[in-house]
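No hydrogens, no waters, no symmetry mates; every other heavy atom, side chains included, goes into these values. Chain letters run A, B, ... following the sequence lines, proteins first, then strands; residues in each count from 1.
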Amino acid sequence: MKYDYLSVEKKWQNRWEAEKAFRAADPGEKGSEKKKFYGLVEFPYPSGAGMHVGHIKAYSGLEVISRKRRMEGYNVMFPMGFDAFGLPTENYAIKTGIHPRQVTDNNIAKFTSQLKRVGFSFDWSRVIDTTDENYYKWSQWIFIQLFKKGLAFRDTALVNYCPSCKVVLSNEDSQGGKCDICHSDIIQKSKDVWYLRITEYADKLLQGLETVDYLPNVKQQQVNWIGKSTGAFVNFGLSGIDEKLKIYTTRPDTLYGVTFMVMAPEHPLIDANADKISNMEEIEAYRAECAKKTEFERTQLVKDKTGVRIDGITAINPITGKEIPIYIADYVMMGYGTGAIMAVPAHDQRDWEFAKKFGIDIIPVIKGGDVETEAYTGEGEMINSGFLNGMSGKKASIARMIEELEKIGAGEGGVQFKMKDWAFNRQRYWGEPIPIVHCPKCGMVTVPEEELPLKLPPMTEFAPGQGGESPLARIDSFVNCSCPQCGGPAKRETDTMPQWAGSSWYFLRYIDPNNDKCIADPEKLAYWAPVDWYNGGMEHVTRHMIYSRFWHKFLYDIGVVPCAEPYAKRTAQGLILGPDGEKMSKSKGNVVDPNDVIDEYGADVLRTYILFMGDYGAAAPWSENSVKGCQRFLQRVDDLFVLAKGHGVTPELETSFHKTVKKVSEDFEAMKFNTAIAAMMGLINEITALGHLTRDELYTFIRLLNPVAPHLCEEINERLGNTELLAFASWPTYDEAKTVDATVEVAVQFNGKLKGTIALPKDCPKDDAIAAVKADPAFASMFAGKTVVKEIAVPNRIVNFVVK
RNA sequence: GCCGGUGUGGCGGAACUGGCAGACGCGACGGACUCAAAAUCCGUUGAAUUAACACCUCGUGCGGGUUCGACCCCCGCCACCGGCACCA
């Protein structure tokens, strides 16, 4: 009988909705006495294009886990929401004149209906929308707390600016010198910008990684992003100037090999001492040349070293007392360390290249390598290094040098991070207004908390101003206000927050989405936090995750949340590629729409295929034919009902059932959905071949499959006469002892080569196994005329004879 | 350049972390049902060899090694993917 998925799926979706089946119980409510499980997936940006199958894959993993947890007796919260501020919506609004609010509402409605068609067990009573006033009220509240603690500040800086989007971008949003949104080349521009002092939390963010269960590569990427290095700060004296040149180095052990110094072109010491520099024109010319280059050209296109020697000032090595030249060069960045370095050409390749080009001495201080051909960066015995001579081992030499530097007051040990402060403003309409008032008397004043939310004013024209200022700057009624502190006339900040703001704390709001007194009720936070399992894309591992960990840690420090880390566990799904093996994109025309798949095959088939197509964490191409294979599988499950007679255990199937329950239980937890489904397919094949099973066994089977294909399983459950939802049936258990067959086929090898198999009782002792093979006439010829040198037996696996 | 990952049939992918390579699915081939097709069901399907699904041989990117035994461990390469990148 052909399974009518369309009406069956609708039927169960309606019932789940009517019964509010997946509503998580808050503390005090019935169900909250159970152990809690908080499963989180990355909420989508509701784009006009609707969802594609990649979204479905991203949510399916924890959908399975959440459904399994409910069956295991947990009180599960599996929420969904929308990260709806952002440029695509705003650009669409600029183009069409339709208000972003309306665009967003339409898109959310579209996404919601698509998600419901898939049958995800989200708690729809907790939906959040970051553009909702009652949500961004709290984004603004957090900003005010950051500001009060000095973690939000304003600074003039060279920023990455996208001339097309007319917006300032963070380093994270402008990787590769391209705008993350429109992919045009970004340029450098001097602007007054807001920063969040995330660097203050660099060490905490790094150390926190030791307490969480993230995929190793996720952790590694965060570690790299934070980029901690240890070394020393060293103060070099300057000739004729009563000032020191402070540098940062990871290799203080090579101090005796310093033959020149390099400062970033923008280094403030240059202007401060312009009167002592005899070649300022030359330096200015070089600076102008550098300023023309984008950061991309300067850092990405590694090419010839360029630079200019500063005439008139020299540096004094505090250890050797030697006088050495100072250069400016753009291979040294103002934004890292102190903006100046000591150059050791013998042991640093960049310094080596520079020295070769400018004819500077190269003094080796570590034995090994040939510093005439390239810098030697390996370890070795210290030479030409005064008190370090004869030492070997980088660590010891560094420690010894730092000790010396500290003794003579010329430096100290220190650490540096690659991570930079977070540029936190955008000159756009569709974002959270930054709740700050600029008062000519009081300076920057926060909007009083009782006045939050600071709402976006109504507008009809959303394009940014010509100078790249926020569209909000055009609205006088918004801009002009009175200072909350002194009551005098003042002006509002007109920039808005970046899209990352709303997603930096959304997992907390799910816990108490309608609270108008605080982010979330402390009792509820104590119950639900932290997120037990967070799944999402690898592309969000550095930016979104680090930002949100930062906010969470801040909220922890001010006593708002009860735990130091927001996510106890993090996994990631792989991409779904188009049928052509390419990344899905509109331009390639290889996007698969989940709606089309559901129309043709049903939601259960879609879900099953997405989980079956391969390793959940790896990218895999879409295959229409394989979808059909999953359809056949579910059809065969449906057909099982007519084969189900009586109760109890079918002896021929008993071991297989125990095996499958074990396999599926374990594989789901490891997100090995493909092999779990393969195991269920194998069991179906066995049952079909046998021709019968009991109704109890069918019940076990549908409970295993339920997290993957819940509509079909609920339907069969009902046919079995059960009135309760299968969603809350108990998860099947297995008996370890019954997962192995009574007789096991064991491989027989001679000299490691497979020569046959032998049936042996389960867990047959080694000696018995060896004896059994020797007694088996099938292997007699293998022993004939040979001497057995060694006998190896692995229970239930192999027996191997080494013969001569 | 650095860090991480991957490489297995015609295809997607399995393989207890050293123990029968290719589970499961797709595709293909053969058969059943059908007037026929679709759907469904049954069988075969790594390569080579063969009358043979008998034996032997080869086979997990390439070249070596360790081991009774290697997709798995070690050494040296190649290719592709992801992240970072003149970070001192």
When you match A/Val744 and A/Met538 each to their closest nucleotide on RNA chain B, which lands nearer the 5' end? A/Val744

Identify whether any heavy atom of [X] sits under 4.0 Å from a base atom; if not, whether one sits that close to sugar-phosphate; answer base, sugar-phosphate or nothing.
X: A/Glu745; value: base
X: A/Ala619; value: sugar-phosphate
X: A/Lys672; value: sugar-phosphate
X: A/Asn625; value: sugar-phosphate
X: A/Thr249; value: sugar-phosphate
X: A/Asp351; value: nothing

Name all residues meeting the ring-ring contact (aromatic ring centres under 6.0 Å, His included) criterion together with A/Phe801; count only those two or more places apart in sequence or in a different chain, and write none if there are none. A/Phe750, A/Phe783

If the condition is ring-ring contact (aromatic ring centres under 6.0 Å, His included), which residues does A/His52 pass it with, not counting sequence neighbours? A/His55

So which nucleotide from B/G13, B/C84, B/C20 ends up closest to the side chain of A/Ala620? B/G13

Please determine whether a side-chain nitrogen of the Lys or Arg among A/Glu42 and A/Arg570 lies less than 4.0 Å from a carboxylate oxygen of the Asp or Glu. yes

State plainly whether the residues A/Lys659 and A/Glu686 are in salt-bridge range, i.e. N to O under 4.0 Å. no

So is A/Lys246 actually on top of A/Phe233's ring, under 6.0 Å and inside 45° of the axis? yes

Among pairs that include at least one residue of residues 619-640 of chain A, which meet ring-ring contact (aromatic ring centres under 6.0 Å, His included), considering only residues two or more places apart or in two chains? A/Tyr609-A/Trp622

Interface with RNA chain B, restricted to residues 674-682 of chain A and to heavy atoms under 4.0 Å: A/Asn674, A/Thr675, A/Ala678, A/Met681

When only distance counts, do a donor and an acceptor, one from the side chain of A/Gln749 and one from the base of B/G19, lie under 3.5 Å apart? yes

Look at the side chain of A/Lys418 and the base of B/C84, then say whether one donor and one acceptor between them are separated by less than 3.5 Å. no

Sequence-distant partners of [X], side-chain contact (heavy atoms from CB on, under 4.5 Å), two or more places apart:
X: A/Glu210; value: none
X: A/Asp768; value: A/Cys764, A/Pro765
X: A/Pro621; value: A/Leu577
X: A/Lys766; value: A/Ala793

Stem list for RNA chain B, please, built from Watson-Crick and G-U wobble pairs under 3.5 Å and keeping only runs of at least 3. B:1-7 with B:78-84, B:10-12 with B:24-26, B:27-32 with B:40-45, B:61-65 with B:73-77

Measure all distances between protein nitrogen or oxygen atoms and nitrogen or oxygen atoms of nucleotides 38-42 of chain B, and list the pairs falling under 3.5 Å.
residue : atom : partner  : partner atom : Å
B/U40   : OP1  : A/Arg632 : NE           : 3.2

So, does A/Asn800 get its side chain near the phosphate of B/U67, meaning an N or O under 4.0 Å from OP1 or OP2? no

Between side-chain atoms of residues 669-676 of chain A and protein atoms elsewhere (two or more places apart, or another chain), which donor-acceptor pairs fall under 3.5 Å?
residue  : atom : partner  : partner atom : Å
A/Glu669 : OE1  : A/Arg69  : NH2          : 2.9
A/Glu669 : OE2  : A/Lys68  : NZ           : 2.5
A/Glu669 : OE2  : A/Arg69  : NH1          : 2.8
A/Thr675 : OG1  : A/Asp667 : OD2          : 2.7
A/Thr675 : OG1  : A/Lys672 : O            : 3.1

Whole angstroms only, please: what is the CZ-C1' distance between A/Phe673 and B/G13? 16 Å

Can you name the side-chain hydrogen bond (donor to acceptor under 3.5 Å, both in side chains) partners of A/Lys219, sequence neighbours left out? none

